Trainee: 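Just passing along the structure, written as structure tokens.
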Protein chains: 2
Amino acid sequence: MANLKQLAQSLGLSITTVSRALDGYADVSAATRERVREAADKVGYRPNASARRLRRQRAELVAVTLPSDPGHIGPPHFLDMLSGCAEHLAAAGLNLVIAPVPRGESELDICRRFVDGRRVDAMLLVRTKRRDERVEFLQSRGIPFVTNGRTESLLPHPFIDGDGFAGFRAATLRFHATGHRRIGHIAGPQEYYFAHDRCCGWRAAMEECGLATDLCAEGAPLEQGGYLAALELLRQPSRPTALVCATDEMAIGALRALREVDGGNQISIVGHDDLPMGAFTSPPLSTMRMTGENLGASFASLLLRAIAGEPAEELQELHAIEFVDRDSHRRPLKAA
Amino acid sequence: MANLKQLAQSLGLSITTVSRALDGYADVSAATRERVREAADKVGYRPNASARRLRRQRAELVAVTLPSDPGHIGPPHFLDMLSGCAEHLAAAGLNLVIAPVPRGESELDICRRFVDGRRVDAMLLVRTKRRDERVEFLQSRGIPFVTNGRTESLLPHPFIDGDGFAGFRAATLRFHATGHRRIGHIAGPQEYYFAHDRCCGWRAAMEECGLATDLCAEGAPLEQGGYLAALELLRQPSRPTALVCATDEMAIGALRALREVDGGNQISIVGHDDLPMGAFTSPPLSTMRMTGENLGASFASLLLRAIAGEPAEELQELHAIEFVDRDSHRRPLKAA
DNA sequence: CTTGACTCCCAAAACGTTTTGGAGAATCTT
DNA sequence: AAGATTCTCCAAAACGTTTTGGGAGTCAAG
């Protein structure tokens, strides 16, 4: 209800003075400052956001684009991450808007709308593709952004990512060390960087061990995709004895395929993401997780630093992957 | 880069004319309108959002507050709903910002900040409590809002909700009809309307059948909560033969408890939410779901109509609950 | 020729803030 | 006591849009 003009009038002061008093400038006396603040509190004055944004030439907004393909948004706990990010951005006066991609438009259109309409100060990109047109566009426009996941872009850009290559290589080698030789991989869509990265890690390990890399099936990054991919691998003449799955959701789908085909308990399996759900599957799902806590806060911090103008090279976080030991990776290995 | 003034100058027209040409007013000739539009396209002109918002006295933003307790945000697919909502809001020129509640602040504080700072045109409230202070505040301020879930507020307000009472009553009666007599309920936190509603439905059915209502345990609306609650019920001298669970996540936790205690396959179980995951549990989880598709679009529509000033009474949607028949509700019932 | 209606355009006033560039009074310096 | 400095405060100019209230022309009817 109250704006600066009314507040100033009621105090017999100028708009300027009231504004500066509230912002804590030194060129207004302590006495007036107090008086202004009290009055503002009493009236419940809040500066009009639009007016400030216009004057300051800042949108006070960050947008995150959400792919519209179901399941391509990210793991179920993804909203928790966004929530954490939004919380920390809010502490710096920024709000997080979610920008899903409507049918018939590309993610690029969305970026364009937000950037060219000066609707945002920065953008957050999730589920990066190996070659990601959004990244190239934002780089050309020079607007700050951070991605969740690396890309193969030539120019460096800020990102947070897990070292999927190392994680999946290690998981595969772990199976090899316990005697497995036919280790399959259930891969996500290879245009996504994370899926490709994890697949490469598996393949690298297999090659290091002198094993064939044909036990690989690709599917959508959801339960159903993992289910179908697992069925495909189980149809092979010589079945895998262990499965490394790109995501926990795919692993849970694969678990069902195993139950259907051999009653379960024959084939070891490991996923990635550490879904809470994994502790409640049968058998409990061994998995991997990115180290580091409060991912959302890290994203917020990187976004703020990108807005502040820090160079991209200093805004790249590659986190190690750690193994989460439950039970599903430890099925008894029968002699081949 | 380009603003209206520059565009007007380059065309030798006034700002007014350019503005009105782009907005398609009739009082600018078709010829000029075309000329202006072409020029605007070429320069890639987009109106400055902050300026328009200030002038129009509209924030072009809707906020959704997210509870910060983990697991209290809603089911895992909740982000999909938000995404759908945001998509339809965007078609009307509104963006959806997510407003998590930081530590040390209440949900009320957040509402206050958004409303009093005139940062939003409307709000979306999720996980309503039976007596919800946010609802009361927004009603007192007269700002449009829609809730996901009913409340016990005396004044009517717009909402979308599932008829949990009817759904849980029906599920309980279904168990009774197939011979079950000891039917337990795993309840969510009773301060939430949805949890209380579902619990009441179960209790009503039990009383109709002349059965005792002591087989009820409450827990957090997550796998772990369901797990602990199920263990509690299984510790009773006479165990339940069937379990009606407030959410699928709780049901999945309960499934693990059943496996641990009696090897599973003894006790029938049903959840609510129709998580995709439910098709992949062992046994596949029978569940319930709210009828109606594209919930997000419904929320968006209600929000827009609330902003347009439609009375609350016309903006209330109570959806029927339908049963999703998988397998977990059909365990063999041994003679007691 | 006047009147009225219509077409096409524009100047100027908002919207509510922040910031610039002082102005006047009080205090300090010399 | 004059000049310099410091304290307080303020008028006015932005920021980029939309909208109000006309102002010229043109044309047809009276």
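All chains are named by letter (A, B, ...) in the order of the sequence lines, taking the proteins before the strands, and each is independently numbered beginning at 1. Every value quoted in this text rests on a predicted model; they were computed, and no experiment measured them.
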Trainee: Closest-nucleotide mapping onto DNA chain C: is Arg56(B) or Arg55(A) further toward the 5' terminus? I mean the 5' end.
Mentor: Arg56(B)

Trainee: Rounding to an integer number of Å, can you tell me how far Lys5(A) NZ sits from dA11(D) C1'?
Mentor: 13 Å

Trainee: Under a 4.5 Å cut-off applied to non-hydrogen side-chain atoms, are Val97(B) and Phe114(B) in contact?
Mentor: yes

Trainee: For the residue pair Phe159(A) and Glu317(A), establish whether any side-chain heavy-atom pair is separated by less than 4.5 Å.
Mentor: no

Trainee: Between Ser301(A) and Arg305(A), is any pair of side-chain heavy atoms under 4.5 Å apart?
Mentor: yes

Trainee: Would you mind reading off the distance between Asp23(B) atom CG and dT20(D) atom P, rounded to a whole angstrom?
Mentor: 13 Å

Trainee: Is Leu13(B) touching bases, backbone alone, or none of the nucleic acid, heavy atoms closer than 4.0 Å?
Mentor: sugar-phosphate

Trainee: Is any side-chain heavy atom of Thr32(A) less than 4.5 Å from a side-chain heavy atom of Ser29(A)?
Mentor: yes

Trainee: Can you measure Asp27(B) atom CG to dA11(C) atom C1' for me and round it to whole angstrom units?
Mentor: 15 Å

Trainee: Between Gln6(A) and dG16(C), is there a side-chain N or O to OP1/OP2 distance below 4.0 Å?
Mentor: no

Trainee: Atom pairs, N/O to N/O, protein against nucleotides 4-7 of chain C, distance under 3.5 Å?
Mentor:
none

Trainee: Can you work out whether Arg20(B) or Asn48(A) has the more 5'-proximal nearest nucleotide on DNA chain C?
Mentor: Arg20(B)

Trainee: Side chain of Thr17(A) only, please: which of dC8(C), dC10(D), dG16(C) is the nearest?
Mentor: dC10(D)

Trainee: Look at the side chain of Asn3(A) and decide which nucleotide, out of dT19(C), dT17(C), dT17(D), has an atom nearest to it.
Mentor: dT17(C)

Trainee: Out of dT18(C), dC10(D), dG16(D), which has the shortest distance to the side chain of Ala51(B)?
Mentor: dG16(D)

Trainee: Base, sugar-phosphate, or nothing: which does Ser50(B) touch, judged by heavy atoms less than 4.0 Å apart?
Mentor: nothing

Trainee: Compare all side-chain heavy atoms of Val36(B) with those of Leu22(B) and state whether any distance is below 4.5 angstrom.
Mentor: yes

Trainee: Between P on dA14(C) and CZ on Arg58(B), what's the gap in Å once rounded to a whole number?
Mentor: 21 Å

Trainee: Could you check whether atom CZ of Arg58(B) has more than 12 heavy atoms from other residues, nucleotides or ligands sitting under 6.0 Å from it?
Mentor: no

